[in-house]
2 protein chains.
Amino acid sequence: MNELTINLKPKDKRPLYEQIYLYIKENIISGKLAYREKLPSTRLLAKHLEVSRSTVELAYEQLLSEGYIESEPYRGFFVAQVEGLYHLIHEKTASLEKRTEEKDQYRFDFTPNGVDLKSFPYNAWRKLSKDILTDDKVELFRLGNPQGEEGFREAIRKYLYQARGVNCSPEQIIVGAGSDYLLMLLCSILGREHAIALENPSYKQAYRLFVSQSYRVLPIEMDGYGMKVTALEGTEADVAYVTPSHQYPTGIVMPMKRRMELLRWANEKEGRYIIEDDYDSEFRYKGKPIPALQGYDRGGKVIYLGTFSKSIAPAIRMSYMVLPKGLTDVYLDKCGFINSTVSVVDQMIVRHFVEDGYYERHLNKTRSLYKGRHDQLIKGLAPLADVCRISGEHAGVHLLLTFGGKATEEDLIKRAKKAGIRVYGLSDYIIGEKDEKATVLLGYANLAEEEIEEAAKILCSVWKP
Amino acid sequence: MNELTINLKPKDKRPLYEQIYLYIKENIISGKLAYREKLPSTRLLAKHLEVSRSTVELAYEQLLSEGYIESEPYRGFFVAQVEGLYHLIHEKTASLEKRTEEKDQYRFDFTPNGVDLKSFPYNAWRKLSKDILTDDKVELFRLGNPQGEEGFREAIRKYLYQARGVNCSPEQIIVGAGSDYLLMLLCSILGREHAIALENPSYKQAYRLFVSQSYRVLPIEMDGYGMKVTALEGTEADVAYVTPSHQYPTGIVMPMKRRMELLRWANEKEGRYIIEDDYDSEFRYKGKPIPALQGYDRGGKVIYLGTFSKSIAPAIRMSYMVLPKGLTDVYLDKCGFINSTVSVVDQMIVRHFVEDGYYERHLNKTRSLYKGRHDQLIKGLAPLADVCRISGEHAGVHLLLTFGGKATEEDLIKRAKKAGIRVYGLSDYIIGEKDEKATVLLGYANLAEEEIEEAAKILCSVWKP
C-alpha cells in the first residue's frame with residue numbers, strides 16, 4: 001500500500017497530525033490496513049496529502065507509541081499485531097446524578113451537617129495542587145507510607161499540639177480517608193472482642209459503623225456533663241466512644257471533672273480505651289477551646305480522632321487518628337501492611353496548606369463567618385424564649401431548641417415544613433427508646449445571615465403557640 | 001490609640017497591605033493592642049503611613065474576616081475578643097522522609113511492583129484537575145455518594161464491559177480508596193463467619209488482609225491451570241480468592257475449563273463466592289485478553305475487583321469492586337452508610353480521563369512500553385535457557401525464572417546482589433511450607449530497555465554455572 005487518501009479538514013478543531021493518526025488508527029482497527037502491511041514513508045505521505053513531513057512524523061510517532069504500528073530499521077513502518085490493544089467507544093454518558101433533591105421543596109434547610117459553600121480557599125488550593133503536580137511529579141508514583149507521609153504527620157502533630165493540646169509523636173498518627181474508614185481500621189487493630197459504650201443520643205454514623213464491624217454497642221445515658229461514668233461502670237463495655245469537646249448532637253462540653261472520671265474508668269482495667277472523636281472542635285465562639293482529653297491521658301488510654309473533611313471541605317476525604325503509644329506496635333503488627341487510603345498528592349496539598357499558614361487563616365475566617373450566623377440565629381429566635389430553651393450554643397454549627405408544654409417533635413418539624421423550612425428532630429440521634437421531650441436541631445453553617453434572619457422570623461411565627 | 005507606627009518595607013516580597021495586616025495581628029495576639037481598643041480610621045492610618053487608603057482598607061478587611069477586629073457602624077474598628085482564635089506557629093519542618101533507601105545499594109532493581117515513572121500523562125491530568133477545580137467548585141462541597149459518583153460508576157461499567165467483558169449495572173459498583181480498603185469493606189458485607197481459600201503462592205497483601213479481618217485463611221495448592229478445584233472441594237472454604245487473568249505471582253492464566261470448574265464449585269452451595277482480583281489484566285502482550293470470569297457468572301457468585309492505582313499511578317488511591325446483584329442489598333443494608341473513601345474531585349478527574357479517551361491511549365502506550373521491556377528481558381536471558389525455565393511471560397510486568405540443579409533461591413538472590421542487582425524470591429509469596437525449587441521474580445516495569453539489556457548480561461554471567 002503506498003497511498004492513503006485522507007480527507008483532511010484544515011478547519012477541524014483537531015490538528016492535522018491528529019486527523020492522520022485517527023484515520024490510520026481506524027483503518028487498522030477495522031482491518032482495512034492488515035497486520036504486516038507496509039505504510040507509505042513519511043516523505044511520500046506528506047507529499048500526497050500536501051502537508052509538512054513533520055506533521056506525518058508526529059502522526060506516525062503517536063501510532064508507534066500506542067502500539068498500532070511498528071518500525072523496522074531501514075525498511076519503514078508496518079501495521080502491528082493489534083488484537084490485544086484497547087479500543088474503547090467513547091460516548092459521554094448524560095450525567096446520571098439524579099439525586100433525590102428533597103431539599104428543593106424547602107426554602108431554607110437548617111441541616112446540622114452543612115458547610116459554607118463560599119469559604120473554601122479555591123485559589124490557594126489550585127495553586128498548591130498545580131505546584132505539586134509540577135514540581136513533585138515523582139509523588140504520583142509513590143504508593144506512600146501506609147500511615148501517611150511522615151512530613152504530613154509531623155505537620156498534623158504540630159497543629160494538634162498547638163490547637164488542641166494533643167501530645168503525640170508522628171509515629172502515633174495514622175492518616176485515612178475519612179473517619180468511617182479509620183474506625184474500621186481501629187476495629188481491626190483492637191480486635192472484634194469488645195463491647196463499646198456510646199453516648200445516647202449519639203452520632204449515628206459511629207453507631208452504625210461499630211454495629212457493621214460486629215461490635216456489641218451499649219448506649220449510655222447522659223446528664224448535663226456528658227456520658228454518665230456511673231452508668232458506664234455498670235456495663236460490660238471496655239471501650240467508650242465520646243465527643244467531649246462538643247457532644248454530638250447535644251452540644252454538651254464535657255467539663256474537666258467528668259473527663260477525669262472517664263480517664264479514671266479507663267485506667268482501672270487493662271484493655272480499656274476511650275475513643276475521643278474531636279470532629280468539630282475547630283469552631284468555638286466564646287472563650288478558649290478546652291484542650292483535648294488526649295492531652296491529659298497519662299495511661300495510654302485515649303485514641304484521638306480528628307478530620308480535615310469538616311474544617312476544609314467534605315469532598316476532601318482526610319481524617320487522622322492518634323493511637324496511644326502502647327497501640328502503635330499492635331497497629332504495625334496487625335494492620336501496618338494496609339496501604340494508605342489517601343493519595344500522596346492530596347497529603348502534600350494539605351501539608352502545605354497547614355504549614356504555609358493557609359489553614360490558620362481559613363479556620364479563623366470560617367469561625368468568624370459561623371459566629372455571625374450563630375449570633376444572628378440566637379437573636380432571631382429570641383421571641384421564642386418563653387416556649388423553648390436553647391442549648392448547644394457557642395460552639396459547632398448547630399443549636400438545639402427544647403420545647404416545653406404539649407409540643408411534639410413531629411409537630412414542630414411538620415409546621416416548619418409547611419412554611420418551607422427544614423429542621424431536624426433529636427430523636428433521629430437516639431438509640432433505643434425515644435425521649436418524650438420535643439427537641440429540634442438547627443444547623444446554620446450554610447445559610448447566610450440574611451437567610452437566617454428571615455427563616456427565624458418564620459419559625460417564630462409558626463412555633464409560637 | 002490613634003497611631004500605629006509600622007515600619008513598612010516597600011521592597012519586601014509581601015505586599016504593603018499584608019505587612020500592615022501582619023503587624024496589627026501580631027500586636028493583637030501579643031496583647032499590645034487590647035480587647036475593645038479602637039483602631040485608627042483607615043483615612044488617618046493611610047495618611048500616617050503614607051500609603052493609599054485602599055491599602056489600609058484591604059488590611060482591615062482581612063483582619064475583620066479572620067475575626068481579629070470588629071467594626072461598629074458609625075464608630076469605627078475595634079480589637080475583638082481573640083482568645084478563641086488560632087495562632088499557629090509556622091516553622092517548616094525539615095522533611096522527615098528518611099526512608100530506608102535500601103535500593104540505593106543496587107544498580108538495578110527488578111521489583112515486581114514497579115510502574116514506569118515517565119509514562120504518566122501529566123499534562124492531561126493537570127488540565128483535568130484545573131478544569132474541575134475551576135468549573136465544578138461545588139464538587140468540593142459534596143460528600144458524594146458512598147458508593148462513588150453515579151456518572152463515574154457508569155464510566156467504569158462501560159470500560160469494564162468493553163475491555164473485560166464484565167456484565168453489571170452501576171448499582172453493583174463500589175468505588176474505594178485501594179483494594180485493601182475494598183476487601184475490608186467486603187469482609188463487613190459478607191460477615192466474619194467465613195473460611196477463605198487462597199491460591200498458594202499468593203498475593204501476600206490479600207492474605208494478610210483476610211487474616212487481619214479475623215477470617216480463617218486456607219492456602220490451596222495450584223497446578224499449571226491455577227487453583228486446584230479438587231483440592232478446594234476438600235476444604236471448608238466457602239469463599240475463594242483468585243487472580244485468574246494473571247495469577248500473582250506465578251503468572252498462570254487460568255484456562256476456560258478451570259474457570260468453569262470454579263464457577264461450578266461456587267454454584268454447588270448457597271453462600272459460596274469467588275473473589276476475582278483482576279489487578280493487572282491491563283497488560284497482555286500476546287493475543288486477545290481473556291474476558292473476566294465475572295462475565296461467565298450466571299449464578300451471582302463472582303465479586304470482581306479492579307484498580308486504577310496499578311494502571312494509572314500508585315498515588316491515585318482508586319479501586320472498584322463489582323458485587324453480584326444478590327449482594328447489593330446486603331451492602332446497602334449493612335454498609336451503605338459508610339462514606340466514600342475517594343474524594344469527589346479525584347473521581348471527576350478519572351471519569352473524564354476515561355471518557356475523553358485519555359485512558360485508552362495511556363493503556364496502549366504503557367502496554368507498548370512494557371512489551372518492549374518484556375521482549376528485551378526475554379532476549380537478554382536467552383543464554384540461561386539450559387539452566388532455567390522462564391514462566392509468567394506475555395502478560396503483567398514480571399517474569400519468573402525457575403532453576404534446576406543444585407541452585408537455591410537464596411544463593412541466586414545473593415549472587416545477583418553482589419553484582420548490584422536486586423531480584424525477588426518466590427518463597428516470599430508462599431504460605432506455609434516453602435517449595436524446594438529455586439524460583440526468582442524479575443519485574444521490568446521501571447527499568448529502561450538499555451538497563452534491562454545491561455542487567456540481563458550481568459545476571460547471565462553470575463547465574464551461569
Side-chain angles (χ1 to χ4, degrees), chain A residues 65-67 83-86 88 90 92-93 95-97 115 117 120 122 126 129 133 137 139-143 150-151 154 159 162-163 177-178 180-181 184 188 192 208 212 214 284 287-289 313-317 334-335 337-339 341 343-345 355 357 360-361 363-365 367-368, chain B residues 65-67 83-86 88 90 92-93 95-97 115 117 120 122 126 129 133 137 139-143 150-151 154 162-163 177-178 180-181 184 188 192 208 212-214 284 287-289 313-317 334-335 337-339 341 343-345 355 357 360-361 363-365 367-368:
Chain A
S65 79
E66 294 180 20
E83 57 171 11
L85 284 181
Y86 286 88
L88 305 176
H90 303 292
K92 285 220 182 182
T93 347
S95 181
L96 285 179
E97 335 281 333
V115 174
L117 271 162
F120 185 76
Y122 291 102
R126 259 207 306 276
S129 21
L133 286 174
K137 293 192 169 181
E139 294 308 324
L140 274 167
F141 288 96
R142 283 191 16 217
L143 182 55
E150 262 188 87
E154 173 59 18
Y159 164 73
Q162 293 184 49
D180 294 347
Y181 166 71
M184 282 171 79
S188 300
R192 309 280 156 191
R208 291 197 207 108
S212 82
S214 317
R284 196 168 163 72
K288 269 183 195 287
I316 311 302
R317 306 304 302 143
K334 285 171 84 174
C335 302
F337 68 93
I338 297 177
N339 283 313
T341 46
S343 95
V344 179
V345 177
E355 288 189 338
E360 176 190 278
R361 286 186 176 196
L363 285 179
N364 286 335
K365 241 181 167 146
R367 177 182 175 279
S368 185
Chain B
S65 79
E66 294 180 19
E83 57 171 11
L85 285 180
Y86 287 87
L88 305 177
H90 304 291
K92 287 221 182 180
T93 348
S95 181
L96 286 177
E97 335 283 332
V115 174
L117 272 163
F120 184 76
Y122 292 103
R126 259 208 304 275
S129 23
L133 286 174
K137 292 193 168 180
E139 294 308 325
L140 274 166
F141 288 96
R142 282 189 19 215
L143 183 55
E150 262 188 87
E154 173 59 18
Q162 293 184 50
D180 294 347
Y181 166 71
M184 281 171 79
S188 300
R192 309 280 156 190
R208 290 195 207 111
S212 82
Q213 300 303 301
S214 318
R284 195 168 163 73
K288 267 184 196 289
I316 311 302
R317 305 305 300 143
K334 286 172 82 172
C335 301
F337 68 92
I338 298 177
N339 283 313
T341 45
S343 94
V344 178
V345 178
E355 287 189 339
E360 176 190 279
R361 286 187 176 193
L363 286 177
N364 286 334
K365 242 181 166 147
R367 178 182 175 277
S368 185

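A quick note: this is a predicted structure, and the numbers were derived from the prediction, not measured. Convention: sequence-line order gives letters A, B, ...; per-chain numbering from 1.
In plain terms, the two heavy atoms of B/M184 and A/Y181 that are nearest each other are SD-CE1, 3.9 Å.
Counting heavy-atom pairs closer than 4.5 Å to chain A, the top-ranked of the candidates B/G67, B/S214, B/A313, B/S343 is B/S343. Counting heavy-atom pairs under 4.5 Å between each of A/G178, A/A315, A/A177 and chain B puts A/A315 at the top. Heavy-atom pairs under 4.5 Å with chain B peak, among A/R361, A/R317, A/K334, A/R208, at A/R361. Per-residue counts of heavy-atom pairs under 4.5 Å with chain B were compared for A/S188, A/S129, A/A163; the largest is that of A/S188. In terms of non-hydrogen atom pairs under 4.5 Å with chain A, the most contact-rich of B/I316, B/V115, B/L363 is B/L363.
The line from CD of B/E66 to OG of A/S368 is 9.0 Å long, rounded to the nearest 0.5 Å.
Using a 4.5 Å cut-off between heavy atoms, B/S212 touches chain A through backbone and side chain atoms alike. Of the atoms belonging to B/S65, heavy atoms from both backbone and side chain fall under 4.5 Å from chain A. Of the two parts of A/F120, the backbone and the side chain both hold a non-hydrogen atom closer than 4.5 Å to a non-hydrogen atom of chain B.
Counting only distance, with no hydrogens or angles, the side chain of B/D180 and the backbone of A/I338 share no donor-acceptor pair below 3.5 Å.
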